[in-house]
Amino acid sequence: MAATVTPITHQHFKEASKFYNSPACLSISEPYILCSHQALHVAMTIDKAYIRGSMAAILSVLQHSSCPHNIAFHFLISATANASLLRATISSSFPYLYFRLYPFDHSSVAPLISTSIRSALDCPLNYARIYLASLLPSCIHRVLYLDSDLILVDDIAELAAIQLGDNSVLAATEYCSANFVSYFTPTFWSNPCLSSTFANRKACYFNTGVMVMDLDRWREGDYTRKIEEWMEIQKRMRIYELGSLPPFLLVFAGNIVPVDHRWNQHGLGGDNFDGLCRDLHPGPVSVLHWSGKGKPWARLDAKTPCLLDALWASYDLLDTSFAFDS
């Protein structure tokens, strides 16, 4: 009889090992971790399509952290998602994890989303990172945002400690050798009023899958609204083809703190069309990021894995004894 895929529930993920703080870590009691300045705050989105990747990402963060008990996770979920099931799924695999779920009502952003070159990029939850400053409690001043299709192989505390200087709102890996022009349409570049937004800025591509964000500065600068304004223009004029990345570039490119490339070795999922295998960029690696169409869990299930997918598989918590009925 052919194998039948059954829906993944909280019972289908294995429990991760418990990880302990090193002796040098500050002790933060659980009632105070939510608003603690000493805590390391990590934000991610979670949904049923990417939860397998999310679980692997969480495990990789904890496994390589010197102070795993000092990490507070903030998970953004769709307002229509089964919050009880997601909470049970996370708790069963990480019973000692401190986390909160934040339902994201996408009714305000949905009308602003334009069709992009890949349907997965059009998911409203993909835009939730724009609203982190309003979704998270105001007592959280700084957060590290992570995509669900990555794993860390170094201590996240080193990344979170990056200084943003006196004015910058965020830090991310920056690629000034990329063809920045290609991220926007000829309509954008031919309009002087639009293209002049990059005047006097050394605008470079940066990847939004790993970002250190100052939420106080974000709130003060009303950056959510600034991004929304570009999305409104996009609905009228089609100035870019990708999803949530171009409006980030329009607002922040040239004004971010660049992060060493080892903290976001992105593009391992190939491009947005074919998702073919890719190698790592030259240099050290702290974060492997399967951005692009090809996701490691999908390629592993299809028995067509890329070489680097084996690294992701070592963090996969899916209990395959429950994943299929024969």
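Everything numeric in this text was worked out from a predicted model, so none of it was measured.
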**Student:** In terms of ring plane angle, is the pair F198 and F180 parallel, tilted or perpendicular, where the classes change at 30° and 60°?
**Tutor:** perpendicular
**Student:** Test H266 against H281 for ring pair (Phe, Tyr, Trp, His ring centres under 6.0 Å), laying out the working first.
**Tutor:** CA-CA 9 Å; H266 70 288; H281 308 298; 5.6 Å; yes
**Student:** In plain terms, say whether R262 and E158 are close enough for a salt bridge, that is, a side-chain N and a carboxylate O under 4.0 Å apart.
**Tutor:** yes
**Student:** Ring centroids only, cut at 6.0 angstrom: are Y183 and Y240 within range, meaning strictly under it?
**Tutor:** no
**Student:** Counting only heavy atoms from other residues, nucleotides and ligands, does the tally under 6.0 Å from CZ of R100 exceed 12?
**Tutor:** no
**Student:** Any salt bridge linking K295 with D149? Criterion: basic side-chain nitrogen under 4.0 Å from a carboxylate oxygen.
**Tutor:** yes
**Student:** Given side chains that start at C-beta, do those of S195 and F188 come closer than 4.5 Å, heavy atoms only?
**Tutor:** yes
**Student:** Quick test of your reading of the model: are R52 and D301 salt-bridged, counting only N-O distances below 4.0 Å?
**Tutor:** yes
**Student:** Please name all residues satisfying salt bridge (charged side-chain N to carboxylate O under 4.0 Å, His left out) with E229, sequence neighbours left out, ordered by chain then number.
**Tutor:** R225
**Student:** In this structure, are over 12 heavy atoms from other groups packed under 6.0 Å from D279 atom CG?
**Tutor:** no
**Student:** Using the side chain to side chain contact (heavy atoms under 4.5 Å, CB included) rule, pick out the option among N264, V259, I256 that qualifies with F206.
**Tutor:** I256
**Student:** With sequence neighbours left out, write down each residue that passes ring-ring contact (aromatic ring centres under 6.0 Å, His included) with Y131, or none if nothing qualifies.
**Tutor:** F104
**Student:** Dump the intermediate steps for ring pair (Phe, Tyr, Trp, His ring centres under 6.0 Å) on F248 and W230, then the final yes or no.
**Tutor:** CA-CA 9 Å; F248 263 93; W230 281 111; over 10 Å; no
**Student:** Can we call the ring centroids of Y175 and H261 under 6.0 Å apart?
**Tutor:** yes
**Student:** Do the non-hydrogen side-chain atoms of V61 and F19 ever get within less than 4.5 Å of each other?
**Tutor:** no
**Student:** Which residue in the set F94, Y102, F99 passes ring-ring contact (aromatic ring centres under 6.0 Å, His included) when paired with F75?
**Tutor:** F99
**Student:** For W297 and D309, which I'm curious about, is there any donor-acceptor pair between the side chains at under 3.5 Å?
**Tutor:** no
**Student:** Could you give me the CA-CA distance, side-chain angles and deciding distance for R142 and D214, then say whether salt bridge (charged side-chain N to carboxylate O under 4.0 Å, His left out) is met?
**Tutor:** CA-CA 5 Å; R142 182 183 174 99; D214 186 312; 5.6 Å; no
